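What follows is a set of notes on a single structure, which appears directly below.
Here the structure is a predicted model, which is why all the values come from computation and not from measurement. Convention: sequence-line order gives letters A, B, ...; per-chain numbering from 1.
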2 protein chains.
Amino acid sequence: MAEGPALPPVVARMWGRDPVSRHGPRPSLSLEGITAAAIGIADAEGLAGVRMSSVARSMGVATMSLYRYVGSKEELLVAMADAAAPDPPEPEGTGWRDHLTVWTRAHRDFLLDRPWLLHITRFAPPMGPRSLLWLDRGLAALDGTGLGAGERMNVVSTLTGYAVSHAGLALGAGGPEPPGEEEAAGLAEYGAILTEVLDPETYPALAAAVGEDAFGDGDEWIDDGDFGFGLGLLLDGVEALIAARRTARS
Amino acid sequence: MAEGPALPPVVARMWGRDPVSRHGPRPSLSLEGITAAAIGIADAEGLAGVRMSSVARSMGVATMSLYRYVGSKEELLVAMADAAAPDPPEPEGTGWRDHLTVWTRAHRDFLLDRPWLLHITRFAPPMGPRSLLWLDRGLAALDGTGLGAGERMNVVSTLTGYAVSHAGLALGAGGPEPPGEEEAAGLAEYGAILTEVLDPETYPALAAAVGEDAFGDGDEWIDDGDFGFGLGLLLDGVEALIAARRTARS
DNA sequence: ATGTACTCTGTACGTCGTACAGTGTATTAA
DNA sequence: TTAATACACTGTACGACGTACAGAGTACAT
C-alpha cells in the first residue's frame, strides 16, 4: 500500500489526514469547524454571505487564520459541498427500484434545502467522505441486479444528474435566489413573458405548448409529480436493462 | 395585446426591443456585439478572462460604456449563455426518437465546446431567443406522439438536464478547467485516489465497484458510449409512456 | 536556556465591479 | 439660428474581497 498519488490537500483534510505536528501550539480550529461555520452562514444568508472575513468573524478569529486549514476560498467551498450532504437514506428491504426512488428524491430534497449547493460548481468528481457515501448507497441499491460495475456507475451518475437538474429547475422557478435578486418571477409570469415574446412562426412547438397552458397555474410544470414522472422514465429504462442482462445471462 | 409584464431589461434587449431614442448620438455598440466579444474572450481564455474591462478593451471603448447596454456583469453572462448556443439540429424526417437523440447529443456537444457555459449558473428558466429555439425544436420532436403539453415539456427538460449533467461529468473528468487549476487528474488517478481513501467497511458497494475497475482505463466511465447508454434509458422510458398514451387513447 | 516548528494576527496590495459626475453630440423646440 | 434637451460615452474614484507577507507569540525538543 504505497503512499499512492498525493491527495489534494483539502481532500486529505476532509478525510482527517491532518499532519500531526509536535511543535508549537495545538491548533485551535479544525476544518470541520470552519466548514460548519461557513455552512451556517450559507444557510442563513446565502453563498454571497460566505466571505473569508465573515467565516472567520463567526469563529472569533482573524481572517487569515483560516488559511492554515484551507488553501483558498475555493477549497473551502469544496469542503462545504461535501459536508453539507445529510446521511443518505438506508434501504428498507425493498427492491432496487424503490430504494433508488427514495435515494434520488432524498438527493433532490437536500439540494432544495440548501439552494446554495447548486451554486458551488463542482465538476470535479466527488471525493469527500459524504459525497462518496451517497454514491456508495446508490450503487448498493443495484447489488444483485446483474449489472456490471460500469453500468451501475452510469445509472447512479445519471440519477444524480437528474436530481441536480430538477432541483435547479425547481429553484429557478420559485425558490429563493442567492444573489438577492428580485426573484425572476413564478412560472405563471414566465408563461406570460413567453407569450409576449414568442413568434409562433419561429417557435411553433413552444408557442403551442404555451397555448396549451403547459405551465399555467405554476404547479403544472415543476412539481413533485413531475419529478416522479421523469424519474419513472429513467427507472423504466433501468428496469429494461436489467431484464435484458438477466435473459442474456440465463 | 396589452404591454403585459415588464420584461427584464436584458431580456428585452436580447429580443431586439431596444428603446429607440431620438436625441443624441447614435449608439456605437450593441448588445450583440458586446456579447460576441465576451464570448470570444471566454472561448479564448475561459470565463475568468471575461472582465468588464477586458470586454470593453476588446471593443475599443471605455469600461463604463458597456453599462449603457447591460445593467451588470451578471446580465452580460445571461446574454452570453443565450447567444452562445448554436442552431439546433433540424429534424431529418426520422422519428421522434432519432430526432431527440440527435438533439440531446448536439446539446451536450456545444456545452463541451464551450465549457464555460456550465459555469454560468442559470437557474432561471431560459428566456433568450436561442435557448427557446432549442426548447422549441425539442418539443417539436414530440409532435404527434400523443403526449400532453406538460408531458412534452417534462421530457424535454429532463433531456436538457441529462445533456448538462453529462457534459459536466465529462469536463470534470478530463476537460480543461476554467480556473486554470492543475486539472484534478484523469479518471485513472481518480480511481487510485479512491482506493487509497476508501474503507470497504463503510463504502462496500463503491469499493467493490472500484475493485471491478469501474473507471479503470479512463474511458470506461464517461465516454460517448456511456452518454448513449443513459440516453437510451431515458428514451426507453419515453417510448413506454407514448405507448401507454396510445393504448389509453384508442 | 536556546532553538525550532508551528499557530495565529495585522497590514497592505491587487483585482474587479460599478457609482457618479462630467463632456461632447445629435435632435427638437423656440 | 439658437437654446434646450436627452442621450452616448469617458475618467476617476471607491468599496468589497481574496490573499501574500512578515511578524509575534507559544509549545515542545534538546
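- Phosphate contact (OP1/OP2 of dC28(D), side-chain N/O of R22(A), threshold under 4.0 Å): absent.
- Counting only distance, with no hydrogens or angles, the side chain of W116(A) and the backbone of E45(A) share no donor-acceptor pair below 3.5 Å.
- Checked by atom type and distance alone, the side chain of R13(A) never pairs as donor or acceptor with a backbone atom of L31(A) at under 3.5 Å.
- Within 4.0 Å (heavy atoms only), P25(A) reaches at least one base atom of the nucleic acid.
- What separates CZ of R51(B) from P of dT18(C) is a distance of 15 Å, to the nearest Å.
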Inset, instruction - Would you sort out whether N154(A) and S157(A) count as a side chain to side chain donor-acceptor pair (under 3.5 Å), showing the intermediate values? - result: CA-CA 5 Å; N154(A) 253 297; S157(A) 302; 5.7 Å; no
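- At least one side-chain nitrogen or oxygen of Y69(A) sits closer than 4.0 Å to the OP1 or OP2 atom of dC8(C).
- Across all strands, T63(A) comes closer than 4.0 Å to base atoms (heavy-atom distances).
- A straight line from CG of L47(B) to P of dT15(C) spans 19 Å, rounded to a whole angstrom.
- When the C1' atom of dC16(C) is taken as reference, atom CG of L66(B) falls 13 Å away, rounded to whole Å.
- If you measure from atom OH of Y67(B) to atom C1' of dG11(D), you get 15 Å, rounded to the nearest angstrom.
- Between M59(A) atom CE and dC8(C) atom P the separation is 10 Å, expressed in whole Å.
- The ring of F110(A) has its center no closer than 6.0 angstrom to the ring center of W103(A).
- Regarding L76(B), its CG atom lies at a distance of 15 Å from the P atom of dC16(C), rounded to whole Å.
- Both the sub-6.0 Å distance and the 45° axial angle are satisfied by R108(B) relative to the ring of F227(B).
- When distances run from any side-chain atom of M64(B) to the nucleotides dT9(C), dA8(D), dT18(C), the shortest one goes to dT18(C).
- dT2(C) atom P lies 18 Å from atom NE2 of H23(A), rounded to whole Å.
- Remark on DNA chain C: of its neighbouring residues M52(B) and R26(A), the 5'-side contact belongs to R26(A), judged by nearest-heavy-atom nucleotide.
- Counting only heavy atoms from C-beta on, S65(B) has its side chain closest to dT10(D) among dC28(D), dT7(C), dT10(D).
- Among the protein residues, R68(B) comes within range of the nucleic acid bases, having at least one heavy atom under 4.0 Å from a base atom.
- Across the protein-nucleic acid pair, R57(B) atom CZ and dG11(D) atom P stand 13 Å apart, rounded to whole Å.
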